[in-house]
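Scroll down for the structure; my scribbles are underneath it.
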Amino acid sequence: MSPVPPVPPVPPNASVPAYRSAGLAHSARALADGDVSSRALVERALARIEATQPTLNAFRVLRAEAALAEAEDADARLAAGERLPLLGVPVAVKDDMDVAGAPTAFGCRGDFPVRTADAEAVRRLRAAGAIVVGKANACELGQWPVTEGPAFGDTRNPWNTRHTPGGSSGGSAAAVAAGLVPAALGSDGAGSVRIPAAWTHLVGVKPQRGRISTWPHPEAFQGITVNGPLARTVEDAALLLDCASGSHEGDLHRPPALRLSEAVGRDPGRLRIALSTRMPFTATPKKLDPAVRAAVYGLADRLAELGHRVEEADPAYGPIGLTFVPRATAGIAEWADRVPDPALLDPRTRDAARLGRALGGAPLRWARRAEAALHRRVGAVFRRYDVVLAPTTATPPPRVGALAGLNGFATDRAMIAACPYAWPWNVLGWPAVNVPAALTPGRLPVGAQLLGPAHSEPVLISLAFQLEDDQRWFERWPAASEA
């Protein structure tokens with residue numbers, strides 16, 4: 001088990017070695033058919049990670065020795081005829097998830113203890129046969145839409161290393177977008193799967209709250225954070241989601257089981273789709289970038305050409321932002337209390353934790369109670385429509401360092417201006433899927449989200465696959481990774 005040391009600054013837009021991994025489902029089939037060995041796949045993944053770490057800096061911890069031993073075991077099991085959905089396939093997980101034998105630092109500095117047991121989501125991936133090659137970088141306690149910090153350095157976007165891959169699941173996104181691993185788990189508390197998916201040209205799924213367990217925590221960040229997959233294709237995202245899904249008996253949220261791989265390739269039918277670019281009220285300035293607007297409207301036009309009824313309509317968000325802040329900051333306070341040395345935390349983190357403790361009584365209880373009313377208010381849009389199509393972010397990915405050195409208020413203004421669209425669905429606990437929408441003239445990816453009501457993942461997955469079949473976004477790779 002080896003922590004990856006922080007990388008030194010890299011030259012602007014440094015080149016990324018030209019490596020690609022096969023997709024998750026493709027790798028699983030190749031292993032089952034005997035066309036490749038698990039050891040070969042894991043060795044290639046580790047080589048790709050090592051080659052790109054100085055430029056992309058996607059990983060916090062590598063499990064090289066353990067992963068190779070697990071690959072040898074997987075090959076023996078495959079040779080004996082055993083078959084599991086991901087037996088022998090290398091994957092990555094975000095560094096907010098416990099992996100036995102590794103610390104869980106979640107973007108923070110300090111001497112964190114080695115975990116003795118896997119998180120439930122990791123346990124389920126292992127039970128499906130997956131090999132976790134490492135833990136991907138995340139910003140400090142998942143607060144910002146960038147993946148940077150003094151604990152590990154800056155994680156960079158494979159499409160342009162001057163720019164961030166997003167956050168807080170930026171390490172997972174960078175690893176998949178660059179082809180280091182075929183898929184990875186992230187977590188999404190205000191868009192932290194969907195935002196980096198949008199900014200790295202990936203499919204990112206924020207599932208229904210509880211679909212993937214957050215155990216050893218009964219819920220994460222007062223229920224607003226869920227775990228979800230990042231992948232290059234809808235099929236791969238659905239497969240990883242199926243393998244990671246399921247409840248622990250201690251979970252507070254235990255939705256009925258779904259098998260989302262069955263929705264891949266299924267005709268979604270003629271859907272009623274609301275095209276919405278309205279931003280929830282935040283009392284801070286924000287504006288939709290013309291390139292993002294054009295990309296989302298382009299997808300809307302294509303959906304109409306595919307036979308869906310697309311109309312401009314907005315959910316009634318109301319005062320949803322007032323309920324987000326107590327839950328988010330209380331969650332930060334809970335995590336900050338677990339850190340070995342709070343003095344090493346970013347001053348913005350300490351300020352957010354103090355606010356969370358102050359709001360942890362009556363304001364937090366009110367925010368939690370308000371969710372039912374918000375379900376009715378925002379959910380009214382689904383009386384007329386099946387799906388909402390909205391931008392995932394308001395802007396293309398910012399430059400690395402755009403938030404560095406800002407105080408808390410300035411950071412909040414900057415990240416809300418870039419990412420005002422994703423967080424309401426975290427309050428509601430409902431599913432959402434980011435799909436690649438376009439590349440800007442500067443070849444920076446932007447995305448759109450398909451938003452649904454409770455337990456609507458099958459519809460969102462089938463619609464996303466229909467778009468993928470039409471757009472074939474998985475054929476595009478970062479220029480530096482093209483062979």
Side-chain angles (χ1 to χ4, degrees), residues 142-146 164 166-170 173 186 188-206 224-226 228 273-300 310 312-325 328 374 377-379 381-382 385 387-398 412-438 440 444-453 456 460 464:
Q143 302 166 84
W144 306 304
V146 298
T164 181
S168 61
S169 303
D188 191 314
S192 286
V193 162
R194 290 164 288 156
I195 291 165
W199 285 347
T200 60
H201 199 69
L202 298 178
V203 177
V205 182
K206 175 212 166 302
I224 63 173
T225 293
V226 302
I273 299 175
L275 169 61
S276 174
T277 58
R278 178 187 176 190
M279 302 177 187
F281 177 74
T282 59
T284 55
K286 48 197 180 295
K287 182 180 180 181
L288 181 60
D289 185 282
V292 180
R293 180 183 178 88
V296 175
Y297 272 77
L299 275 188
V310 182
E312 294 193 41
D314 297 310
Y317 289 113
I320 193 169
L322 296 176
T323 73
F324 176 79
V325 173
L374 289 169
R377 180 186 180 100
V378 181
V381 72
F382 295 112
Y385 301 99
V387 174
V388 173
L389 171 68
T392 303
T393 68
T395 70
D412 289 345
R413 284 170 60 96
M415 67 180 184
I416 291 170
C419 304
Y421 287 107
W423 57 268
W425 248 245
N426 294 89
V427 174
L428 299 167
W430 293 344
V433 178
N434 174 81
V435 295
T440 69
L444 291 173
V446 295
Q449 21 174 16
L450 306 173
L451 306 170
S456 60
L460 301 182

*Answer whether the closest heavy-atom distance between the side chains of Tyr421 and Thr393 falls below 4.5 Å.*
no
*asked:* Are Pro445 and Trp199 packed together at the side-chain level, in the sense that at least one heavy-atom pair is separated by less than 4.5 angstrom?
replied: no
*Taking Arg194 for its side chain and Lys206 for its backbone only, find out whether a donor-acceptor pair lies under 3.5 Å.*
no
_When you measure from the side chain of Ser169 to the backbone of Ser192, do you find a donor-acceptor pair of N or O atoms at a distance under 3.5 Å?_
yes
*For the residue pair Trp423 and Phe324, does the interplanar ring angle fall in the parallel (under 30°), tilted (30 to 60°) or perpendicular (over 60°) class?*
tilted
*State, without any angle test, whether Thr392 and Asn434 hold a side-chain donor-acceptor pair at a distance under 3.5 Å.*
yes
*With no hydrogens and no angle check, is any side-chain donor or acceptor of Gln449 less than 3.5 Å from a backbone partner on Ala432?*
no
*Supply the atom-to-atom distance Asp188 CG to Ile224 CD1, rounded to the nearest 0.5 angstrom.*
9.5 Å
_Sole residue of Leu389, Val292, Leu288 in side chain to side chain contact (heavy atoms under 4.5 Å, CB included) with Thr277_ = Leu288
*Do the side chain of Trp430 and the main chain of Ser456 share a donor and acceptor less than 3.5 angstrom apart?*
no
_So does Gly167 get a backbone contact from the side chain of Trp144, meaning a donor-acceptor N/O pair under 3.5 Å?_
no
*Please test Leu374 against Thr323 for side-chain contact (heavy atoms from CB on, under 4.5 Å), starting from the C-alpha separation and ending with a verdict.*
CA-CA 10 Å; Leu374 289 169; Thr323 73; 3.6 Å; yes
